[in-house]
Q: 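Input: one structure, supplied below.
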Amino acid sequence: MKISKFVQLVCVGAVAIGGALGTLAHAADISGAGATFPFPIYAKWADAYKKETGNGLNYQSIGSGAGIKQIRAKTVTFGATDAPLEAKALDKDGLAQWPMVMGGIVMVVNLPGVKPGELVLDGPTIAQIYMGKIAKWNDPAIKKLNPNLNLPDLAIASIHRADGSGTTFNFTYYLGQVLPDWDSQIGAATTVEWPSGIGAKGNDGIANNVATTPGAIGYVEFAYAVQNKLTYASMINKAGKTVAPTVEAFQSAAANADWSVPGFYQVLANQPGDQSWPMTAATFILMYKKPGDVAASNEGLKFFRWAYDKGDDMAKQLDYIPMPDNVVKLVEKMWDADIQQK
Amino acid sequence: MTATALQTASIPRATSLDRARALARLKFADNGFRLMTLGSAVLVLVLLVGVLVALFIGALPAFREFGVGFLFSDAWSPPKEKFGAATAIYGTLITSLIAMLIAVPVGLGVAVFLTELCWQPLRRPIGVAIELLAGIPSIIYGVWGVYYFKPVMQAYIQPFLIKTLGDAPGVGALFAGPPLGYGLLTAGLVLALMILPYITAVSRDVFDTVPTVLKEAAYGVGATTFEVVGAIIIPYTRVGLIGGVMLALGRALGETMAVTFVVGNATKIQSSILAQGTTISAMIANQFADADPGLFTSSLLALGFILFVITFLVLAAARWMLARMELRA
């Protein structure tokens, strides 16, 4: 009696496990890794996509540099980066690249008594803060931009990314555009030689450090500032106008971009226009033109097609800017022409 | 084995051939066992050498490009492909030094209290608590450091140090700069807390080995507790003590997560210990995942190789000190 019961149990268990494995094998998740900047929207899209199609997306937000490394090592179906690869680098590895969504990078601060959007900064001032040349919040340069704010005699803790980051690339690229000294001394890259300040890991790491450190300033994707209820600063753009970080301001910067370049290589920093947010950035997807696993690659493309098609509202809810329709058409044409789907 | 031996012994008519065969079987088993243990020991050696060689080969491009200057340069610029290990080595040594300066005396003090002065029923609970402290994963110390310790550093300890010591002649430069919370001192203090239980646990165990007769004799001739500790207990146990301290130092040198959280991850050497810095392991943890192949990755591997060498030197120094002491004793 006892034994037969045990056998029964084992059989039931085996069937259950087998069934579970079976379903797992059927619904292979799309795997991707890279930028932390678009992680909130990718997570939201993945959630909705899973509900609609039953297919999941396993996205690891490990940073743009790591994402490029992972796709080169072929451990994932797609890599995601905010620092676009140049056409030459793409061709070397046989990779296709396209922009998925756009967003804004904002400065977040921890200043008692200052409300979101109240503090005004411009590019050169931010560059000098990160170079360690402006060390206190009541420095004349900051006071001049904020005559009505009562700025404290508090040390500035400038917080930057300690890991390789596409957000850092876009941020340092912008600083190089507005302050020649920055360009010649530090340059633009996913990791640079920071002259001063505190390093933190990931967009969320910066958000956390700013939240817990009085006097801190950091740069994060806008969604992280909103989600963590951080105080963001307004900025003075290329046209000399003061703008607050809003979807309209991001959109205005994006509207001027010319996407008809190989590999869609486009950095949206410091765009002209009265409304334009100066630190707008696109985030990119990398996939192989001749994928090792065509089925997985097709699943990935299916997801991206769906996201272009149905993801716009979700993107707007999180203050990202969807790619304009004409760009989406260009991208989809490129998929059909360049990426092997059979 | 004994069973076989007894059996052959109890049968008088067993031929010498049987006996020889049984003995051969035993010998075979013994040899097999010896080879197995030898293999395990050699495997450790092979792995160690393998890691060292792999690190060195990976690091070779960086060593070749920067030469000895790699050790003394504080550059760390991926876009310009200029790398140097000085900042990371400096940070590793300073944080470990701070940790040891605090943890060794305090750890020894706790151990003396536990073995000599503590009320008997409290000894076990406090001892167990210390061992538990040693078992906490380092990331917990890191999170604690960021959320609870760093704000205290920023609001009270660092401003106090800057006010009192910041203008002092000579040491002023060590305590200069804005109080930002993160820094080498904060990392050193968190490290001190992490290695304290190691030092205490090992010292307590070796203090327990001091023969009661020796201590009683010293007390008998009128020695104070302090004198007994200084003249009897520590000299008697110094070999074990040095072992415990070196174990703790090894851990401090290689600690990654807790340090990464609070050290500030700045890749520039600054004179103040309140300022931000980085350590070898923190640098590797932060940047290895996305380092471009080439000089960047190679430089990180070179850092790993240097840490390996530093740890090896520390262990070798400990061995050498122990050997000298045994000679004198």
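In what follows, chains carry the letters A, B, and so on, assigned in the order in which the sequence lines appear, proteins first and then strands, with residues in each chain numbered from 1. In what follows, every heavy atom counts, from backbone to side chain, and hydrogens, waters and symmetry copies are set aside.
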Q: Which atoms of Lys82(B) are under 4.5 Å from chain A, going by heavy atoms: the side chain, the backbone, both sets, or neither?
A: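 For Lys82(B), neither part sits under 4.5 Å from chain A.
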Q: Can you sort out the partners of Ile136(B) under side-chain contact (heavy atoms from CB on, under 4.5 Å), two or more places apart, ordered by chain and number?
A: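 Ile136(B) satisfies side-chain contact (heavy atoms from CB on, under 4.5 Å) with Leu133(B), Ile140(B), Tyr141(B) once adjacent residues are dropped.
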Q: So for Asn209(A), is it side chain, backbone, both, or neither that comes closer than 4.5 Å to the heavy atoms of chain B?
A: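 Answer is both: backbone and side chain atoms of Asn209(A) are under 4.5 Å from chain B.
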Q: Using heavy-atom distances under 4.5 Å, tell me whether Tyr147(B) contacts chain A through its side chain, its backbone, both, or neither.
A: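 Side chain only.
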Q: Side chains of Ile198(A) and Asn265(B), heavy atoms from C-beta outward: is any pair under 4.5 Å?
A: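 When only atoms from C-beta onward are counted, Asn265(B) and Ile198(A) do not touch, as no gap falls below 4.5 Å.
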Q: Residue by residue, scan residues 134-143 of chain A and write down, ordered by number, those that have a heavy-atom distance under 4.5 Å to chain B; if none do, write 'none'.
A: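 The list, in residue order, is empty: none.
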Q: Under the salt bridge (Lys or Arg N to Asp or Glu O under 4.0 Å) test, which residues partner Arg64(B), sequence neighbours left out?
A: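 Here no residue qualifies.
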Q: Contact part of Ala282(B) toward chain A, heavy-atom cut-off under 4.5 Å: side chain, backbone, both or neither?
A: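 Nothing of Ala282(B), per the 4.5 Å heavy-atom cut-off to chain A.
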Q: Within residues 164-195 of chain A, which positions have a heavy-atom distance to chain B below 4.5 Å?
A: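 Listed by number, the contacting residues are Gly164(A), Ser184(A), Gln185(A), Ile186(A), Ala189(A), Thr191(A), Val192(A), Glu193(A), Trp194(A), Pro195(A).
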Q: Hey, does the side chain of Lys69(A) reach the backbone of Phe288(B) with a donor-acceptor pair shorter than 3.5 angstrom?
A: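 Checking the backbone N and O of Phe288(B) against the side chain of Lys69(A), a donor-acceptor pair under 3.5 Å is found.
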Q: Looking at Thr212(A), is its backbone amide N or carbonyl O close enough to the side chain of Lys150(B) to form a donor-acceptor pair, meaning the two atoms are under 3.5 Å apart?
A: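 Flag set: sc Lys150(B) to bb Thr212(A) pair under 3.5 Å.
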Q: Within this structure, what is the CG-CG distance for the pair Leu154(A) and Leu180(B), rounded to the nearest 0.5 Å?
A: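 Going from CG on Leu154(A) over to CG on Leu180(B), the span is 9.0 Å.
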Q: Is it true that a side-chain atom of Lys268(B) and a backbone atom of Ser196(A) form a donor plus acceptor pair closer than 3.5 Å?
A: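 Not confirmed, Lys268(B) side chain does not pair with Ser196(A) backbone.
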Q: Is the number of heavy atoms from other residues, nucleotides or ligands within 6.0 Å of NZ (Lys74(A)) greater than 12?
A: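 No, because the 6.0 Å sphere around NZ of Lys74(A) holds 12 heavy atoms or fewer from other groups.
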Q: Flag the one option from Ala200(A), Ala162(A), Ala155(A) with the top tally of heavy-atom pairs under 4.5 Å to chain B.
A: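 Most heavy-atom pairs within the cutoff with chain B belong to Ala162(A).
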Q: Side chain, backbone, both or neither: which part of Ile156(A) has an atom under 4.5 Å from a heavy atom of chain B?
A: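 Contact with chain B is through the backbone of Ile156(A) alone.
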